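To start, the structure itself, in structure tokens.
As the structure is a computational prediction, the values presented were derived from the model and not from experiment.
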Amino acid sequence: MIIDEKGRLFKKINLIDLLIILIVLAAGIFLFNKFQKANIVTPLTRQDPVAITFIIESLPEYAADNVEINDPVTDRVTSAYLGKVTRVEKKPDISYAPDENGRYVRSSKEGYCSLEFTVEGTGVFNGKVVNIGNTNYYVYRDTTVYVGDTILFTRIKDIEKK
């Protein structure tokens with residue numbers, strides 16, 4: 001028999017003692033996993049020069065006119081400094097609206113344009129992902145940034161190592 005008349009398992013250990021040992025082991029494993037070192041980029045990690053290209057498909061022209069070369073760019077959420085604007089390109093806005101047949105076609109709104117701008121800064125580069133201020137930036141990520149004194153709701157179009 002596995003459990004004897006005194007409640008010992010294999011005549012060696014009491015079931016209550018076994019239960020306490022299992023609870024202590026489970027708590028130890030939980031605490032180890034909870035407090036093990038996080039995967040954070042340290043300030044001593046080698047920083048690479050990177051260029052991040054942002055795109056905004058449709059915004060008022062007055063907001064696009066506020067974006068200038070050498071404007072500082074910071075992330076609105078993390079306050080991470082991303083770098084300075086090195087290239088600005090205004091294009092016709094990218095909007096879609098229904099035509100007379102009800103199909104959605106590309107159209108343009110008066111007073112609006114699309115904006116593409118490149119920011120050069122430093123970060124930890126890994127493939128097509130760059131880590132700046134312990135935040136990962138990757139292609140097609142929606143990001144809200146301050147460019148100079150303008151807030152822009154952008155999407156990342158490209159990231160490259162310089």
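- Here I69 contributes atom CD1 and T86 contributes atom OG1; the two are 6.5 Å apart, rounded to the nearest 0.5 Å.
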Could you go step by step and tell me if R106 and S95 meet the side-chain contact (heavy atoms from CB on, under 4.5 Å) rule? CA-CA 6 Å; R106 188 170 176 171; S95 300; over 6 Å; no
Verdict with supporting geometry, V85 and N70, side-chain contact (heavy atoms from CB on, under 4.5 Å): CA-CA 5 Å; V85 176; N70 290 325; over 6 Å; no
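- A distance-only check finds a donor-acceptor pair linking the side chain of D99 to the backbone of N101 [under 3.5 Å].
- Contact between I156 and F54 at its shortest, heavy atoms only, is CG1-CE2, 3.7 Å.
- In this structure, V124 and R46 have side chains that are not in contact, with every pair of non-hydrogen atoms separated by 4.5 Å or more.
- Looking only at atom types and distance, the side chain of N66 has a donor-acceptor partner in the side chain of T150 under 3.5 Å away.
- Across all their heavy atoms, G133 and A80 have their closest contact at CA-CB, 4.3 Å.
- Taking 4.5 Å as the limit, some side-chain heavy atom of T143 sits within range of a side-chain heavy atom of D75.
- No salt bridge links K162 with D48; every basic N to acidic carboxylate O contact stays at or beyond 4.0 Å.
- Here the closest non-hydrogen pair linking R141 and T135 is NH1-CG2, 3.3 Å.
- Remark: aromatic rings of Y96 and Y104 are distant, center separation not under 6.0 Å.
- Here CD1 of I159 is found 9.0 Å from CG of N136. Values are rounded to the nearest 0.5 Å.
- In this structure, OG1 on T154 lies 6.0 Å from CD1 on I56, to the nearest 0.5 angstrom.
- Taken together through direct or relayed side-chain contacts under 4.5 Å among Ile, Leu, Val, Met, Phe, Trp and Tyr, F153 and I94 form parts of separate hydrophobic clusters.
- The shortest heavy-atom contact between E68 and D71 is N-OD2, 2.9 Å.
- Salt bridge present: D142 and R155 bring a charged side-chain N and a carboxylate O closer than 4.0 Å.
- Across all their heavy atoms, L59 and L152 have their closest contact at CD1-CD2, 3.8 Å.
- Atoms CD and OG1, from Q47 and T122 in turn, are 4.5 Å apart once rounded to the nearest 0.5 Å.
- With respect to the salt-bridge test (charged N to carboxylate O, under 4.0 angstrom), the residues E116 and K90 do not qualify.
- The side-chain contact (heavy atoms from CB on, under 4.5 Å) with Y137 is formed by just one residue from the set V50, V129, I132; it is I132.
- Cluster membership for Y138 and F117, using ILVMFWY side-chain heavy atoms within less than 4.5 angstrom, is not shared.
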Run the side-chain contact (heavy atoms from CB on, under 4.5 Å) test on L115 and K91 for me, step by step, so that the C-alpha distance in whole Å, both residues' side-chain angles and the decisive distance to 0.1 Å come before the verdict. CA-CA 6 Å; L115 182 68; K91 298 178 180 179; over 6 Å; no
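- Clustering ILVMFWY residues whenever any of their side-chain heavy atoms sit less than 4.5 angstrom apart, transitively, puts I52 in a cluster other than the one holding Y146.
- D93 and S114 form no side-chain donor-acceptor contact under 3.5 Å, judged by distance and modelled atom types alone.
- Checked options E89, R87, K157; the residue passing with T118 is R87 (criterion: side-chain contact (heavy atoms from CB on, under 4.5 Å)).
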